[in-house]
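Just so it is clear: chains get the letters A, B, ... in the order the sequence lines come, proteins before strands, and each one is counted from 1.
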Amino acid sequence: MTQPFTIATWNINSVRLRRGLVERFLAEHAPDILCLQEIKCQDDQFPAKAFARAGYEHVALHGQKAYHGVATLSKIPFSSVERRDFCGLGDARHVECTVDVNGSRIRVHNFYVPAGGDEPDPAINPKFAHKLKFLDEMRAITTETGAHDAALLVGDLNIAPLENDVWSHRQLLKVVSHTPVETETLEELRREAGWADLMRHHVPGDQKLFTWWSYRARDWAASNRGRRLDHIWGSEALRGALTSMNVLTEARGWEKPSDHVPVVARFAP
DNA sequence: ATGACGATCCCAGATCGA
């Protein structure tokens with residue numbers, strides 16, 4: 001690469017309600033690509049014109065009514081776009097695009113992994129069974145593209161894999177998002193496909209790192225009971241080019257915030 | 001640790017998030 005390249009991921013929890021926050025983020029941080037999750041709208045309701053005015057003329061959409069939905073906004077034209085269905089449910093949880101940056105093609109997967117419900121037992125909780133099945137299918141498709149290409153996999157993976165990805169490892173071991181079956185499966189599929197956990201390349205595993213804080217805390221900052229549910233993974237080709245990683249914690253304090261904050265990664269030539 | 005919150009939708013209470 002001869003030019004820097006930046007990518008961001010953000011679970012926006014309704015893009016129509018928080019269009020202004022997205023515009024603010026784009027104006028202040030200007031990533032080349034922004035991957036949104038939980039847009040909670042159909043494709044024809046997505047505020048594409050507003051983002052085009054902000055310089056993001058290209059959008060790869062996979063929306064649905066009321067739930068889930070992902071969108072990838074870009075300043076750079078896409079050379080291809082694909083939307084994959086998982087578990088045969090017709091949920092909008094993935095969109096993949098490729099962009100050409102300085103003569104090399106980068107593949108960008110944008111994921112919204114199922115939350116998994118309350119009870120971490122697939123035998124009694126169909127939502128947890130769905131989450132585990134989703135991870136199995138994710139393993140299969142990302143293995144195709146992870147190791148050898150210039151590729152990124154970002155999004156709300158709804159799993160906090162490391163001990164310091166949650167406010168209390170011990171207290172969350174039986175809480176969905178941090179149970180051993182989830183954390184081990186995610187780490188295994190990541191390594192198997194050759195993805196590097198780029199956030200943890202920048203912030204070592206002995207430090208707490210969160211991207212989500214519950215709406216239900218009286219004071220999210222004071223209690224700081226967060227989790228790292230949002231991720232930026234990169235193939236070997238991009239791992240060495242990472243120059244900075246910024247978790248925009250202050251966005252959790254913006255007016256009418258999402259419960260997730262943006263994460264921005266920058267790559268140098 | 002669950003949930004005191006918040007979003008969605010035939011508009012209001014059920015369902016989902018994590």
Side-chain angles (χ1 to χ4, degrees), chain A residues 9-22 36-47 62-71 86-87 89-94 110-122 124-135 138 155-183 185-186 208-231 247 249 251-263:
Chain A
T9 182
W10 194 7
N11 177 321
I12 195 62
N13 186 19
S14 173
V15 74
R16 288 176 294 171
L17 209 62
R18 288 185 238 286
R19 191 185 101 190
L21 297 189
V22 176
L36 295 170
Q37 302 85 35
E38 281 207 273
I39 60 173
K40 294 189 174 176
C41 67
Q42 291 166 318
D43 291 357
D44 61 359
Q45 301 172 314
F46 187 82
H62 193 177
Q64 72 180 80
K65 189 176 180 176
Y67 298 109
H68 324 313
V70 293
F86 285 78
C87 306
L89 292 172
D91 283 352
R93 296 182 176 275
H94 170 267
N110 178 358
F111 269 98
Y112 177 53
V113 173
D118 282 325
E119 194 57 53
D121 180 354
I124 60 169
N125 174 11
K127 290 180 189 171
F128 196 71
H130 175 213
K131 187 176 195 174
L132 298 180
K133 185 160 184 273
F134 191 100
L135 292 175
M138 186 172 163
D156 178 2
L157 305 185
N158 267 319
I159 297 172
L162 307 183
E163 294 195 7
N164 283 317
D165 291 340
V166 293
W167 63 275
S168 167
H169 169 62
R170 192 177 53 81
Q171 285 175 268
L172 286 161
L173 273 170
K174 291 180 178 171
V175 174
V176 172
S177 74
H178 194 62
T179 65
V181 64
E182 295 170 83
T183 59
T185 302
L186 189 74
K208 295 280 184 203
L209 187 59
F210 308 145
T211 63
W212 171 89
W213 292 261
S214 172
Y215 283 126
R216 293 179 194 183
R218 268 199 211 91
D219 183 334
W220 70 273
S223 61
N224 197 25
R225 292 180 171 187
R227 304 178 201 171
R228 184 171 72 110
L229 302 179
D230 303 275
H231 297 267
V247 178
T249 305
R252 185 62 180 79
W254 289 356
E255 194 168 344
K256 295 274 280 173
S258 168
D259 46 357
H260 296 251
V261 298
V263 184

To the nearest Å, give me how far apart CH2 (A/Trp220) and P (B/dA1) are.
-> 23 Å
If you check the A/Lys256 side chain, which of B/dA18, B/dA7, B/dC5 turns out closest?
-> B/dA7
Nearest-nucleotide pick for A/Lys40, side chain only, options being B/dT8, B/dG3, B/dG17 | B/dT8
Counting side-chain heavy atoms from C-beta on, which of B/dA4, B/dA7, B/dA18 comes nearest to A/Asp118?
-> B/dA18
Kindly point out which of B/dG17, B/dG3, B/dA7 is positioned nearest to the side chain of A/Leu17?
-> B/dA7
How is A/Leu172 classified with respect to the nucleic acid when contacts are heavy atoms under 4.0 Å: base, sugar-phosphate, or nothing?
-> nothing
Touch class at under 4.0 angstrom, heavy-atom based, for A/Arg18 against every strand present | sugar-phosphate
Does the side chain of A/His178 get closer than 4.0 angstrom to OP1 or OP2 of B/dA18 through an N or O atom?
-> no
In whole angstrom, give the distance that lies between atom NZ of A/Lys131 and atom P of B/dC16.
-> 16 Å
Any side-chain N or O of A/Ser14 under 4.0 Å from OP1/OP2 of B/dT8?
-> yes
Polar side-chain contact A/Arg225-B/dA1 base: donor and acceptor under 3.5 Å = yes
With respect to the phosphate group of B/dA7, does any side-chain polar atom (N or O) of A/Asn13 fall under 4.0 Å of OP1 or OP2?
-> no
Identified side-chain contact (heavy atoms from CB on, under 4.5 Å) partner of A/Arg227 from the options A/Asp165, A/Leu172, A/Ile159 | A/Leu172
Across the strands shown, which category fits A/Phe128 at heavy-atom distances under 4.0 angstrom: base, sugar-phosphate, nothing?
-> nothing
Between B/dG13 and B/dT2 - P atom distance, rounded Å = 28 Å
Between the side chains of A/Gln37 and A/Thr9, does any donor sit under 3.5 Å from an acceptor?
-> yes
Least distance between heavy atoms, A/Asn11 atom then A/Ser258 atom = O-OG, 2.6 Å
Below 4.0 angstrom from OP1 or OP2 of B/dA18, is there any side-chain N or O of A/Asn11?
-> yes
Protein-nucleotide distance (A/Gln64, atom CD; B/dA7, atom C1'), rounded to Å | 14 Å
Decide ring-ring contact (aromatic ring centres under 6.0 Å, His included) for A/His169 and A/His178; before the verdict, give the C-alpha distance in whole Å, the side-chain angles of both, and the deciding distance to 0.1 Å.
-> CA-CA 8 Å; A/His169 169 62; A/His178 194 62; 5.0 Å; yes
First of A/Ile39 and A/Asn158 reached from the 5' end of DNA chain B, by closest nucleotide | A/Ile39
Tell me which nucleotide among B/dG3, B/dG17, B/dC10 gets nearest to the side chain of A/His68.
-> B/dG17
Which whole-number value in Å describes the distance from A/Leu157 CG to B/dG17 C1'?
-> 16 Å
Mind checking the C1' distance from B/dA14 to B/dA1? Whole angstroms is fine.
-> 24 Å
Nucleotide B/dA7, atom P - distance to OH of A/Tyr67 in whole Å = 14 Å
When rounded to the nearest 0.5 angstrom, what distance separates CZ in A/Arg252 from OH in A/Tyr215?
-> 6.5 Å
Within this structure, what is the CZ-to-C1' distance between A/Arg227 and B/dG3, rounded to whole angstrom?
-> 11 Å
Of the listed B/dA7, B/dA1, B/dT8, the closest approach to the A/Arg16 side chain comes from B/dT8
Checking all strands, does A/Asp259 fall into the base, sugar-phosphate, or nothing category for heavy-atom contacts under 4.0 angstrom?
-> nothing
Report yes if a side-chain nitrogen or oxygen of A/Lys127 is closer than 4.0 Å to either non-bridging phosphate oxygen (OP1 or OP2) of B/dG17; otherwise report no.
-> yes
Roughly how far apart, to the nearest Å, are B/dA12 and B/dC16 at atom C1'?
-> 16 Å
Got a donor-acceptor contact below 3.5 angstrom from the A/Lys131 side chain to the A/Asn158 backbone?
-> yes
Whole angstrom value for the distance that separates P of B/dG17 from CG of A/Asp91 = 9 Å
With nearest nucleotides of DNA chain B determined for A/Pro114 and A/Lys174 from heavy-atom distances, which residue corresponds to the more 5′ nucleotide?
-> A/Lys174
Please work out if A/Asp219 contacts a base, only the sugar-phosphate, or nothing of the nucleic acid, heavy-atom cut-off 4.0 Å.
-> nothing
Would you say B/dC16 has OP1 or OP2 under 4.0 Å from some side-chain N or O of A/Tyr112?
-> no
Would you kindly give the CG-to-P distance between A/Leu21 and B/dG6, to the nearest whole Å?
-> 14 Å
Tabulate below the donor-acceptor pairs under 3.5 Å that side-chain atoms of residues 39-46 of chain A make, not counting sequence neighbours, or state none.
residue: A/Lys40; atom: NZ; partner: A/Asn13; partner atom: OD1; Å: 2.8
residue: A/Asp43; atom: OD1; partner: A/Gly63; partner atom: N; Å: 2.8
residue: A/Gln45; atom: OE1; partner: A/Gln42; partner atom: N; Å: 3.0

Provide the distance between the two P atoms, one in B/dT15 and one in B/dC11, to the nearest whole Å.
-> 16 Å
